[in-house]
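Quick notes on the structure that follows.
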Amino acid sequence: MAGVAGGGGGGSNDFQWCFSQVKGAIDEDVAEADIISTVEFNYSGDLLATGDKGGRVVIFQREQENKSRPHSRGEYNVYSTFQSHEPEFDYLKSLEIEEKINKIRWLPQQNAAHFLLSTNDKTIKLWKISERDKRAEGYNLKDEDGRLRDPFRITALRVPILKPMDLMVEASPRRIFANAHTYHINSISVNSDHETYLSADDLRINLWHLEITDRSFNIVDIKPANMEELTEVITAAEFHPHHCNVFVYSSSKGTIRLCDMRSSALCDRHSKFFEEPEDPSSRSFFSEIISSISDVKFSHSGRYMMTRDYLSVKVWDLNMENRPVETYQVHEYLRSKLCSLYENDCIFDKFECCWNGSDSAIMTGSYNNFFRMFDRNTRRDITLEASRESSKPRAILKPRKVCTGGKRKKDEISVDSLDFNKKILHTAWHPMENIIAVAATNNLYIFQDKIN
Amino acid sequence: AGLGGCLKAPAEGTGDNQDMQEKETVSPERAEEAKLKAKYPNLGQKPGGSDFLMKRLQKGQKYFDSGDYNMAKAKMKNKQLPSAGPDKNLVTGDHIPTPQDLPQRKSSLVTSKLAG
């Protein structure tokens with residue numbers, strides 16, 4: 001499977017990214033509720049779910065390929081939408097609980113229905129999305145419009161028959177996993193056993209069984225006895241894709257701990273500790289903040305994991321704890337802007353990252369609606385932009401370049417002209433094909449490859 | 001131009017190319033730090049847990065005490081209670097938040113525009 005786009009210049013694996021679709025309004029004034037907060041493909045890639053700050057989930061389904069339109073490779077159209085979470089107020093702690101959907105994770109499909117977990121800061125919900133395309137007609141005790149029939153008037157019995165009806169997609173909450181987190185949930189991850197999942201907040205990680213809502217096991221607790229001694233928090237956690245006993249969690253200090261649930265019930269002691277040594281002479285006020293890991297993702301193979309910190313993406317070999325095997329600079333030019341990025345809080349932005357289906361490429365977002373892709377084999381990288389200007393059907397995306405100083409070439413953009421309000425924090429890559437979903441504030445862009 | 005693409009992990013432990021390139025000048029990070037310290041001289045001098053971590057853990061905390069509010073109203077009788085001012089989340093000193101100060105918490109019953 002091909003990796004990252006080549007911008008011309010030979011190579012048998014060259015292909016280019018094209019605009020496919022964009023969802024959402026073109027408002028100048030974006031309502032806070034419309035800001036997309038998570039994007040996730042399901043295991044087959046046929047469904048694409050988004051969550052937003054308003055607590056709503058929208059699921060898109062890929063259309064079957066149309067023989068009469070061979071160039072359009074299955075568009076994503078709305079399949080279902082529902083209100084997952086509502087704003088709440090914890091009166092006891094005087095705490096406002098946002099309805100923002102922090103994460104959505106799909107369960108592997110086991111029958112005709114689809115299941116996903118969605119979470120806000122405090123509560124995880126299991127949603128069942130099912131289709132109804134038949135309706136029973138010919139009931140004995142009621143009319144077609146629902147009115148009850150007089151039982152004394154019924155002289156014959158009939159067997160109701162199923163008739164087709166317009167497709168209706170229903171979403172219903174099947175489980176509510178509440179009251180298990182004192183702090184704010186940042187991650188959920190479904191285990192490869194398909195029975196359990198973990199949820200992580202700033203200081204604790206809990207293990208749940210999908211069928212049981214009134215109990216959860218605490219498997220990691222890093223809360224110090226004295227909160228004055230708090231030095232780091234948990235920023236992300238994920239189960240290993242194949243080993244149901246293994247999970248990792250990342251910290252605000254740039255470290256990753258791998259834990260094995262077979263070794264003890266409470267996994268406070270890690271089995272592996274991943275940290276890149278830092279040159280103490282280069283340490284600054286910003287060092288710890290920019291080393292904070294905002295996302296951790298296992299490769300599909302399970303051999304590697306990827307971490308995203310403020311300026312870079314690192315690939316780690318699970319067999320080597322003392323440094324990453326690959327480091328990719330996302331926007332190194334921001335290193336000389338850290339002071340203003342601290343003042344406008346952008347330095348605390350939490351970017352996510354993702355692998356392609358074959359683990360040959362990785363993708364992450366940046367500012368100015370730019371997103372970056374790195375091909376691990378060819379070592380090539382590309383910067384693309386999600387914008388309405390390049391939104392013509394099948395329009396090829398032009399690589400973008402940031403000029404860091406000196407002469408600005410034509411088509412380059414200077415660092416000072418970047419729009420830091422246009423952040424791409426959430427991206428997703430189809431599990432098997434070269435289709436990507438990029439969330440740009442309140443718009444969802446879908447791009448596909450175009451084979452030359 | 002800045003560093004694009006991939007850096008292979010070097011043989012030594014550290015990977016900070018910036019330092020190697022700019023031996024004579026201060027690293028950009030240090031220069032930015034100096035800028036920040038010049039603007040906020042008291043930064044980073046508080047003891048105890050990191051400020052950022054504490055702020056992160058306390059996200060969402062709102063302070064409206066109906067008892068305080070009603071007692072203050074009784075004391076002031078018909079006079080207006082002082083309003084929150086520009087930063088509605090700042091609750092210190094004599095200020096008591098009023099119901100008008102708290103942002104409206106309305107759930108989004110409107111369908112997402114992504115589905116439109």
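Letters go in sequence order (proteins before strands), and every chain restarts at 1. Side chains included, hydrogens not; waters and symmetry mates left out as well; all remaining heavy atoms used.
Atom CD of residue A:E232 and atom CG of residue B:L53 lie 9.0 Å apart, to the nearest 0.5 angstrom. From A:I26, atom CD1 reaches atom NZ of B:K113 across 11.5 Å, with rounding to the nearest 0.5 Å. Between the CD1 atom of A:I59 and the CG atom of B:L114 there is a distance of 12.5 Å, given to the nearest 0.5 Å. A distance of 6.0 Å separates NZ in B:K55 from CZ in A:F348, rounded to the nearest 0.5 Å. With values rounded to the nearest 0.5 angstrom, A:S340 atom OG is found 7.0 Å from B:K39 atom NZ. Distance check, rounded to the nearest 0.5 Å: CD of A:Q83 to OG of B:S112 gives 10.0 Å.
Only the side chain of A:I36 comes within less than 4.5 Å of a heavy atom of chain B; its backbone N, CA, C and O stay farther away. When heavy atoms are compared at a cutoff of 4.5 Å, A:I289 approaches chain B solely by way of its side chain, counted from C-beta outward. Neither the backbone nor the side chain of A:F82 comes within less than 4.5 Å of any heavy atom in chain B. Contacts of B:A115 with chain A are made by both backbone and side-chain atoms, with heavy-atom separations under 4.5 Å. Contact annotation for A:S287: both backbone and side-chain heavy atoms come within less than 4.5 Å of a heavy atom of chain B. With a 4.5 Å cut-off on non-hydrogen atoms, A:Y79 does not touch chain B at all. In this structure, the portion of A:N442 lying under 4.5 Å from any heavy atom of chain B is its backbone and not its side chain.
When A:D345, A:D121, A:D201, A:D202 are each tested for a salt bridge (Lys or Arg N to Asp or Glu O under 4.0 Å) with B:R56, only one passes: A:D202.
Within the 3.5 Å criterion, the main-chain N or O of A:R283 finds a donor-acceptor partner in the side chain of B:R30. No side-chain donor-acceptor contact under 3.5 Å links A:R335 to the backbone of B:S27. Formation of a donor-acceptor pair under 3.5 Å by the B:E33 side chain with backbone atoms of A:S284 is not found in this model.
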May I have the step-by-step check of side-chain contact (heavy atoms from CB on, under 4.5 Å) for A:R56 and B:T111, ending in yes or no? CA-CA 8 Å; A:R56 301 162 299 187; B:T111 308; 5.9 Å; no
Show the numbers, then the answer: is there a side-chain contact (heavy atoms from CB on, under 4.5 Å) between A:L341 and B:E32? CA-CA 10 Å; A:L341 292 169; B:E32 291 295 298; over 6 Å; no
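Using modelled atom types, one finds a donor on one side chain and an acceptor on the other under 3.5 Å when comparing A:E343 with B:Y40.
Most heavy-atom pairs under 4.5 Å with chain B: of the set A:C339, A:C403, A:S80, this distinction falls to A:C339.
Annotation: side chain of B:Q58 is not in contact with side chain of A:L95 (no heavy-atom distance under 4.5 Å). At a threshold of 4.5 Å between non-hydrogen side-chain atoms, the residues A:H184 and B:L57 do not count as touching.
Of all heavy-atom pairs between A:M227 and B:M54, the closest is O-CE, 3.3 Å.
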